[in-house]
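Just so it is clear, the structure is predicted and the values come from calculations on it, not from any experiment. When a ligand or atom number is given, it counts from 1 through the structure's own listing order. Side chains included, hydrogens not; waters and symmetry mates left out as well; all remaining heavy atoms used.
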Amino acid sequence: MSDSHMKGNHKPLRIAVLVSGNGSNLQVLIDAMQAGVLPIEIVGVISNREDAYAVTRAKEASIPVAVLSHVASGKRMGIKTFETHASAQLTTWQPDLIVLAGFMRVLSAEFIDNMPAPMINLHPDLLPAYKGLDTHQRVIQAGERYHGCSLHIVTAELDAGAVLTQALLEINPKDTAVSLQVRVQKGEHQLLPWTILLIANGIIDLNHPHNDAVPSYLPALPLKLWLNN
Ligand code: GAR
């Protein structure tokens with residue numbers, strides 16, 4: 001995080017967002033940016049799916065979009081080809097922060113290590129538990145009492161980077177995987193802008209995610225948001 005983002009009174013944080021699907025989290029960022037309540041500029045969106053509704057959302061907001069479809073003319077684009085194009089695009093946009101918001105391809109260590117900016121991922125569970133997919137179903141099957149979502153730094157190991165923030169909720173006996181998905185998404189829509197505000201204001205320092213080099217008046221990570229939804 002550069003000094004220019006400390007104290008929240010400087011240039012907006014330039015954000016690139018990677019998506020694969022509906023893009024409801026992208027929409028929250030677009031709305032917050034347009035309302036002037038988050039000091040961000042979404043400089044571009046990359047989708048690996050042409051039919052992702054997130055692409056429509058970005059276009060409607062006049063945000064540059066790169067569709068790097070994983071299937072073109074019936075041929076699957078390999079992850080290396082995707083990464084070469086995505087890397088070039090990100091270098092052009094020069095983001096301060098890259099956000100994976102519902103991006104469903106696993107990225108290589110080489111790509112992650114050579115990013116032009118820190119990269120964070122939104123994950124639908126309370127990491128380090130339940131990495132990977134089908135998290136809502138898995139927490140129910142395991143009889144968990146709590147669930148939620150996490151924002152963490154992306155590292156080469158899947159869903160294993162430092163956890164920055166989490167939104168927690170209590171699982172009700174009547175909850176299903178579908179109801180949990182709805183409740184967790186509500187949490188994501190609060191957690192994502194809240195976390196980006198903390199990053200933009202220099203309160204969460206992505207270069208020192210374990211808080212070992214920041215003043216002691218800042219709380220230890222992960223910061224937790226308790227949800228009543
Ligand atoms: C979100 O719930 C996010 O946590 C999940 O995809 C959804 C995207 O929703 N991400 C992952 O599962 C990543 N492994 P959206 O497209 O409406 O923002």
Side-chain angles (χ1 to χ4, degrees), residues 15-34 38 40 42 44-61 63 65-70 79 82 86 97-108 111-112 119-140 144 146-169 171 175-196 222 224-225 227 229:
I15 296 181
V17 187
L18 271 63
V19 295
S20 299
N22 177 22
S24 65
N25 284 285
L26 169 67
Q27 189 67 55
V28 167
L29 295 183
I30 291 171
D31 292 348
M33 174 180 72
Q34 290 177 341
L38 259 191
I40 60 168
I42 305 174
V45 169
I46 294 178
S47 174
N48 69 313
R49 297 190 65 105
E50 201 166 5
D51 58 354
Y53 188 56
V55 171
T56 305
R57 295 181 192 271
K59 285 182 178 163
E60 279 177 1
I63 294 167
V65 191
V67 176
L68 303 174
S69 175
H70 64 301
I79 190 69
F82 171 87
L97 178 70
I98 300 162
V99 179
L100 306 187
F103 182 71
M104 303 306 282
R105 281 198 93 162
V106 176
L107 298 164
S108 74
F111 179 79
I112 292 164
M119 182 153 59
I120 61 173
N121 177 47
L122 182 58
H123 180 76
D125 187 62
L126 301 174
L127 292 171
Y130 304 100
K131 297 169 179 158
L133 300 175
D134 302 323
T135 54
H136 311 304
Q137 189 61 42
R138 286 157 63 206
V139 294
I140 288 181
E144 297 285 358
Y146 300 103
H147 190 31
C149 49
S150 308
L151 270 158
H152 67 96
I153 294 186
V154 177
T155 56
E157 195 183 337
L158 187 70
D159 298 333
V163 181
L164 305 171
T165 56
Q166 295 183 315
L168 292 81
L169 54 81
I171 298 174
D175 267 320
T176 61
V178 172
S179 72
L180 277 186
Q181 184 189 8
V182 171
R183 294 180 66 206
V184 167
Q185 278 228 323
K186 268 193 191 173
E188 292 179 345
H189 297 163
Q190 294 169 281
L191 190 69
L192 184 59
W194 187 66
T195 305
I196 288 178
K224 296 187 187 194
L225 182 67
L227 298 178
N229 63 28

Check Arg138 with Asp125, please: is the shortest side-chain N to carboxylate O separation under 4.0 Å? no

Geometry only, no angles: is [X] polar-contacting ligand 1 at N/O separations under 3.5 Å?
| X | result |
| --- | --- |
| Glu188 | yes |
| Phe103 | no |
| Asn25 | yes |

Got the closest protein heavy atom to [atom], with its distance?
| atom | result |
| --- | --- |
| atom 17 (O) of ligand 1 | Ser24 OG, 2.5 Å |
| atom 16 (O) of ligand 1 | Gly23 N, 2.7 Å |
| atom 10 (N) of ligand 1 | Leu122 O, 3.7 Å |

If we check side-chain contact (heavy atoms from CB on, under 4.5 Å) with Leu151, which of these qualifies: Val163, Leu127, Leu100, Leu192? Leu192

Verdict with reasoning, Asp175 to Arg183, per side chain to side chain contact (heavy atoms under 4.5 Å, CB included): CA-CA 10 Å; Asp175 267 320; Arg183 294 180 66 206; 2.6 Å; yes

Check contact between Cys149 and ligand 1, using heavy atoms of the residue and a distance below 4.0 angstrom. no

Other residues, nucleotides and ligands only: do more than 12 of their heavy atoms fall within 6.0 Å of CZ on Arg57? yes

Enclosure of Gln34 CD (heavy-atom neighbours >12, cutoff 6.0 Å): yes

Hey, does the side chain of Ser47 reach the backbone of Glu50 with a donor-acceptor pair shorter than 3.5 angstrom? no

Can you sort out which atoms of ligand 1 are near Asn22, meaning under 4.0 Å from one of its heavy atoms? 16 (O), 17 (O)

Please list, in number order, the atoms of ligand 1 under 4.0 Å from a heavy atom of Gly102. 6 (O), 8 (C), 10 (N)

Closest to atom 14 (N) of ligand 1 among Gln27, Met104, Gln185, Arg57 (heavy-atom distance): Met104

Under the side chain to side chain contact (heavy atoms under 4.5 Å, CB included) rule, collect the residues that match up with Ala58, sequence neighbours excluded. Leu26, Val45, Ile63, Val65

